[in-house]
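All residue numbers refer to positions in the sequence shown, counting from 1.
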Amino acid sequence: MKITDAKVIVSCPGRNFVTLKIMTDEGVYGIGDATLNGRELAVVSYLEDHVIPCLIGRDPAQIEDIWHYLYKGAYWRRGPITMSAIAAVDTALWDIKGKVAGLPLYELLGGKSRNSVMVYGHANGANIDEALDEVARYSDMGYKAIRVQSGVPGLNSTYGVAKDKLFYEPADADLPTENIWSTEKYMKFVPELFERVREKFGFEHHLLHDGHHRLTPVQAARLGKDLEPYRLFWFEDCVPAENQDAFRLIRQHTTTPLAVGEIFNTIYDCQQLITEQLIDYIRTTVVHAGGITHLRKIAQLAELYHVKTGCHGATDLSPVCMGAALHFDMWVPNFGIQEYMRHTKETDAVFPHDYHFKDGYLHVGDTPGHGVDIDEELAAKYPYQRAYLPINRLEDGSMFSW
Ligand code: EZ4
Ligand code: CO
């Protein structure tokens, strides 16, 4: 079997998605997600100009060899653009392998370790009362695990608080929106938010919270401690994680479980975090961390150190990534949880898929491969629209992390 052609499909059914489709001489094809929010076209160029020419004529069965060909062969290693492009190729090749074998992807990885995949949804409110209403709504939909974010008094915008309740879309403008941030106001407010949630709903649900890389280590230690009475499932991205050492301080001061890694793209970004047991959940996922082949390596290292998986699953990761991640989740022995932000119905129509939500879990089908396809005709009706993620400034105008 040989790869005869590959193409990149850019479509904006509510938001931008970049999809790679790899074709073979036997008519079997595979697809992979290559979406990198706010920097989409850089990955398109990387694939079209530099990767696709090297794929033609190769045996699609040689997934491991092609992975290393693209990683080592580029000489320039790592980085989100490179690793998203490699991930798209890898995902498409696993899809082809499944279709050729007539087996769902989880069977190729080692078979099912569970019946379904526990997911968490996002309850976002402009204030505490709205956030409580959203928690009630997610609870009524059957979610066992709910991430809670709320607008902070005195700040006119807050990460996670959406215009549309089911689909949080931060890449909201043709040029980056500028938001104002105050860590002091946020830190004072968050424990009150969780106190109110526990007061109203008790301890029945898993509750999660995302700090979105905005604290210093000592602030994260403080907030982790303040949140201990509310028994969070995890506190996510409490500090920017380029400095892995920083987690030592946080870890020494709080028993609130820590999750990190949605923006990591290789195992080297979390090697110390894992081997020193500084985190509880690793958030890398298929599209931004080199595909199934590399994600598996990260998860298996994590397994040795009591770290579980918690794959990123925001709306800006396409249903193709979600489908592949779900097969991974069905297999991975040290599974923790899967994030699930829903896609719009326009997106779902462009990407027909065989997974579905029921009672707090995503249920995976047994279609050969990863079970997600792309309707190219429909995709063509939604041309690319430039969209950026916002930026943050402190109240005095200093540039800050978003
Ligand atoms: O802000 O995926 O946990 N989820 C997140 C996401 C990220 C977006 C950025 O593109 O932090 O909402
Ligand atoms: Co996050």
Side-chain angles (χ1 to χ4, degrees), residues 8 10 15-20 31-47 50-51 67 70-71 74 76-95 168-171 210 212-213 236-237 240-242 244 259-271 273-274 279 281-299 301-302 307 309-329 332 336-341 343 347 351 370 372 387-389 401-402:
V8 181
V10 181
R15 65 153 3 275
N16 292 312
F17 292 112
V18 178
T19 309
L20 176 71
I31 62 174
D33 182 20
T35 308
L36 185 64
N37 203 2
R39 294 292 184 273
E40 295 87 356
L41 300 185
V43 188
V44 174
S45 164
Y46 195 101
L47 284 166
H50 307 295
V51 171
W67 196 95
L70 294 174
Y71 184 79
W76 311 105
R77 298 184 183 205
R78 307 165 64 178
I81 311 287
T82 300
M83 298 308 288
S84 299
I86 293 177
V89 174
D90 187 78
T91 307
L93 295 180
W94 278 104
D95 194 26
Y168 174 57
E169 183 43 80
D210 193 345
H212 224 250
H213 326 269
E236 173 180 337
D237 287 339
E242 288 95 329
Q244 297 182 46
V260 72
E262 68 183 38
I263 67 170
F264 293 171
N265 45 75
T266 71
I267 198 167
Y268 306 106
D269 298 323
C270 47
Q271 187 176 7
L273 292 176
I274 291 172
I279 57 171
Y281 297 92
I282 180 69
R283 301 232 332 114
T284 43
T285 193
V286 180
V287 58
H288 299 138
I292 293 283
T293 299
H294 196 68
L295 192 61
R296 179 168 65 176
K297 194 169 285 181
I298 295 173
L301 177 69
V307 177
T309 64
C311 288
H312 189 204
T315 308
D316 50 281
L317 284 58
S318 94
V320 179
C321 176
M322 180 57 78
L326 289 171
H327 281 263
F328 176 82
D329 295 335
V332 71
I337 199 165
Q338 168 72 50
E339 183 179 23
Y340 176 47
M341 274 165 94
H343 291 107
T347 299
F351 297 98
H370 56 50
V372 188
Y388 284 95
L389 290 169
S401 309
W402 175 69

Nearest heavy-atom neighbours spanning [X] and [Y]:
X: Q244; Y: D269; answer: NE2-O, 2.8 Å
X: H312; Y: E339; answer: CD2-OE1, 3.0 Å
X: G323; Y: V372; answer: CA-CG2, 3.7 Å
X: V18; Y: T35; answer: N-OG1, 2.9 Å
X: G313; Y: Q338; answer: CA-NE2, 3.9 Å

Would you compute the distance between atom [atom1] of [X] and atom [atom2] of [Y] and round it to the nearest 0.5 angstrom?
X: F351; Y: T19; atom1: CZ; atom2: OG1; result: 3.5 Å
X: I298; Y: T266; atom1: CD1; atom2: OG1; result: 7.0 Å
X: T285; Y: L317; atom1: OG1; atom2: CG; result: 6.0 Å
X: L20; Y: L47; atom1: CG; atom2: CG; result: 5.5 Å

When you measure from the side chain of [X] to the backbone N and O of [Y], does any donor-acceptor pair fall under 3.5 Å?
X: D90; Y: T293; value: yes
X: D237; Y: D210; value: no
X: N265; Y: G79; value: yes

For the residue pair R15 and F17, would you count it as a cation-pi contact if the rule is NZ or CZ under 6.0 angstrom from the ring centre and within 45 degrees of the ring axis?
yes
Using the six-membered ring wherever Trp is involved, compare the ring planes of H294 and W67 and label them parallel, tilted or perpendicular (cut-offs 30° and 60°).
parallel
Exceeds 12 heavy-atom contacts within 6.0 angstrom, atom CZ of R39
no
